[in-house]
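What's counted below: heavy atoms across the whole structure, side chains too, no hydrogens, waters or symmetry copies. Indexing begins at 1, ligand by ligand and atom by atom, following the structure's order. Numbers for residues simply follow the sequence, beginning at 1.
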Amino acid sequence: GAPRDLAGRRVVVSAGGTREPIDPVRFIGNRSSGIQGYALAKVAAARGAEVVLVAANTALPDPAGVRVERVGSALEMREAVLKAAASADAVVMAAAVADFRPVTSATSKIKKKDADDVPRIELVQNPDILAELVGRRAPGQVIAGFAAETDDVLAHGRAKLARKGCDLLVVNQVGEDLTFGAPDNAGVVLSASGREREIPRGTKEALASVVWDEITSLLT
Ligand code: C5P
C-alpha cells in the first residue's frame, strides 16, 4: 500500500484549464485535460492527506476521498485556491490558468453583421495565482507549480522558478501529441534549492508520486 506520509496534512491541488468568457456561448480556453492534477489529488489522498481539488472545466470522475470544487474562469480559480490555501500545508498548481481574459464578456452572443465585420476582443492579464500564493505563503507552507513548455524546457523552467518564487516547479514538454489528454507524462522537478530531479516517462500517477515525495521532503 501507499505510505501514509501525508496523514494530517491539508493540501490543495488545482487541475484543468480555465475558460475566459467572450460572450455567453464562447470562451478562450486551452488543451489541459486535468488528468495530471487529478492524479496528484488521488495520490495525496491515498497517502493520507486531506485534499481540496480545484477543478476547472474537467470531465473526470471525482477522486474518492477528495473535496472537489469546480470553477470556470481564472478569477474563479483564484478565489477558490486562495481560500483553500489559507489553511493548507502544501499547494500544487497543476491547472493551466489563462494568462489573459477578455476585458468584458458580452451579455448577448456576438453577431456576425456584414461580410467583413470582425469583432475586436481586447484582453487584460489575469492575476498570477501561483505568484500570489507565494506572496502570502504561511511559514512552512510548500508551493509547487507546473510549467508546460514547447522548447528550451529546462532553461525556461529555471527562469520561471526564480521569477515565481515557488519551492518546486515541475517542467514538462508539451505540444503535438505530448502530455495533453495523454495518460503519461515526463518531466523534471526543479527545486528552489537548485536540486533537479528527472522523472522518466510514466503514468501521471507515477509523476504525481515523485512530486509528493519532493514536497514531503520539504514539509517540516
Ligand atoms: O507562467 P506560466 O503560466 O507558464 O506558469 C505556469 C504555472 O503558473 C502553473 O503552475 C500555473 O498553474 C500557474 N499560473 C497561475 N496563474 C496564472 C498563470 C499560471 O497560477 N495566471
D99 neighbourhood, listing ligand 1 atoms whose heavy-atom distance to it stays under 4.0 Å: 3 (O), 18 (C)
Atom 9 (C) of ligand 1: the protein heavy-atom neighbour that sits closest, reported with distance to 0.1 Å: F146 O, 2.9 Å
Test item: L218 and E214 side chains (from C-beta on) under 4.5 Å apart, heavy atoms: no
Non-hydrogen atom of K164 closer than 4.0 Å to ligand 1: yes
Heavy-atom neighbours of R137 CZ exceed 12 at 6.0 Å: yes
Option with minimal heavy-atom separation from atom 20 (O) of ligand 1, where the choices are L130, L75, L169: L130
Subset of ligand 1 atoms that lie under 4.0 Å from at least one heavy atom of P127: 16 (N), 17 (C), 21 (N)
Test of proximity, V97 against ligand 1: N or O pairs below 3.5 Å: no
Polar contact flag for I129 and ligand 1 (N/O pairs, less than 3.5 Å): yes
Common cluster, V54/V92, ILVMFWY with side-chain heavy-atom separation under 4.5 Å: no
Heteroatom proximity flag, A95 to ligand 1, N/O under 3.5 Å: yes
Test side-chain hydrogen bond (donor to acceptor under 3.5 Å, both in side chains) applied to Q141 and D89, step by step: CA-CA 5 Å; Q141 187 181 56; D89 298 294; over 6 Å; no
Check: K160 N/O within less than 3.5 Å of ligand 1 N/O: yes
Heteroatom proximity flag, N126 to ligand 1, N/O under 3.5 Å: no
Sub-3.5 Å N/O-N/O distance, M93 and ligand 1: yes
Side chain to side chain, Y38 and L53, heavy atoms closer than 4.5 Å: yes
Distance-only polar pair, side chains of E20 and T18, donor-acceptor under 3.5 Å: yes
Side chain, backbone, both or neither: the part of L133 lying under 4.0 Å from ligand 1 by heavy atom: neither
V188 side chain near R197 side chain, heavy-atom distance below 4.5 Å: no
Residue pair A45 / A64: nearest heavy atoms and the distance that separates them: CB-O, 4.2 Å
Exercise: identify the closest heavy-atom pair between R10 and S87: CD-O, 3.0 Å
Enumerated ligand 1 atoms positioned under 4.0 Å from heavy atoms of G145: 10 (O)
